[in-house]
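Remember, predicted model here, so these are calculated numbers, not experimental data. Just so you know, residue 1 is the first one in the sequence shown, and it goes up from there.
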Amino acid sequence: MTSTNYILKAEGINKSFGAVIAANDININIQSGEKVSLIGSNGAGKTTFMNMVTGYLKPDTGSIIFENEDITQLNPRNITQKGISRSFQIPQIFEPMTAWENLLVALGTSQENHSFFKSARSKENSEYIDEILNRFSLNEFAHRQVSELPGGVRKLLDIAMALVRKPKILLLDEPTSGVGSEEKYPLMDTIAKALSGENLTVIFVEHDMDIVQNYSDRIIAFYSGSVIADGNSKEVLGDSKVKEYVTGKTQLKVN
């Protein structure tokens, strides 16, 4: 692995909120195509890191480099246009609209020729939205108002809205939160299937270690704003600091 292969680099990132240190000298390099999970207890710094990558927060010091370009001071809209897209722990969707209309808004506003005076409902866009709905198994919900949809479907729609923009990096903030334990694997299977075939780097925050082991090829563990372990599941979940501060298990089963 060489530096030229890194699609995303965080260099010396620091962020504090008063006396609370949310990021303490974070240095992370992510290679194109990796599936990376971020783990850690609540307040460890995972979502803060994602928010800085996507421009919702600015680091106090340090740089975020995407495809050899410094994006540290760009706003979220500009970062999205560069090729970094995200979903949220609480889905950010337009409840009075249908699932299909939500995807149309996400797609239409992402296109370079977007205009508020021109309809985004073209044949090409309509066909692409139908394809995305099919990939996420959302066909039956396409024309239902979002406020009527169950939690798992809303999660999938939020991720589909992020993917419809054709990003190079997709960040998922706790994709299985608020979903029953029996729904987690089917939900992640649907997401994994929908993302397959894409030349996509995926970074996701997750608390369920079984999900982490099964759907990522690299794990980064956070504690108190610092990275305490970074590697494959055996290395990270077997790390003594991770057992003490993250999983709380001295005999964690590692696949």
*What is the distance from atom OG1 of Thr47 to atom CG of Leu38, rounded to the nearest 0.5 Å?*
8.5 Å
*What's the shortest heavy-atom distance between Gly152 and Val179, and which atoms?*
CA-CG2, 4.4 Å
*asked:* Within the structure provided, determine whether Leu107 and Arg165 are in side-chain contact (heavy-atom separation under 4.5 Å).
replied: no
*asked:* If we check side chain to side chain contact (heavy atoms under 4.5 Å, CB included) with Tyr215, which of these qualifies: Thr176, Val202, Asp189?
replied: Asp189
*Do side-chain atoms of Thr72 reach the backbone of Ile64 as a donor and acceptor pair under 3.5 angstrom?*
yes
*Flag this pair as yes if the NZ/CZ of Lys166 is under 6.0 angstrom from the six-membered ring centre of Tyr128 and inside a 45 degree cone about the axis; otherwise no.*
yes
_For a 4.5 angstrom cut-off between non-hydrogen side-chain atoms, does Tyr185 reach Asn214?_
yes
*What distance do Leu8 atom CG and Ile169 atom CD1 have between them, rounded to the nearest 0.5 Å?*
4.5 Å
*asked:* Any carboxylate oxygen within less than 4.0 angstrom of a Lys/Arg side-chain nitrogen, looking at Lys168 and Glu67?
replied: yes
*Is any side-chain heavy atom of Phe49 closer than 4.5 Å to a side-chain heavy atom of Ile28?*
yes
*Starting from the C-alpha separation in whole Å, work towards a yes-or-no answer on side chain to side chain donor-acceptor pair (under 3.5 Å) for Asn75 and Tyr56.*
CA-CA 7 Å; Asn75 63 41; Tyr56 288 88; over 6 Å; no
*Report yes if some heavy atom in the side chain of Ile65 is under 4.5 Å from a heavy atom in the side chain of Tyr6; otherwise report no.*
no
_Lys193 atom NZ, over 12 foreign heavy atoms within 6.0 Å_ = no
*With side chains defined as the heavy atoms from C-beta onward, is the minimum distance between Lys15 and Met52 less than 4.5 Å?*
yes
*Tell me whether the guanidinium CZ or amine NZ of Arg154 lies under 6.0 angstrom from the six-membered ring centre of Phe141 and within 45° of its axis.*
no
*Without swapping roles, check the side chain of Glu206 against the backbone of Asp208 for a donor-acceptor pair under 3.5 Å.*
yes
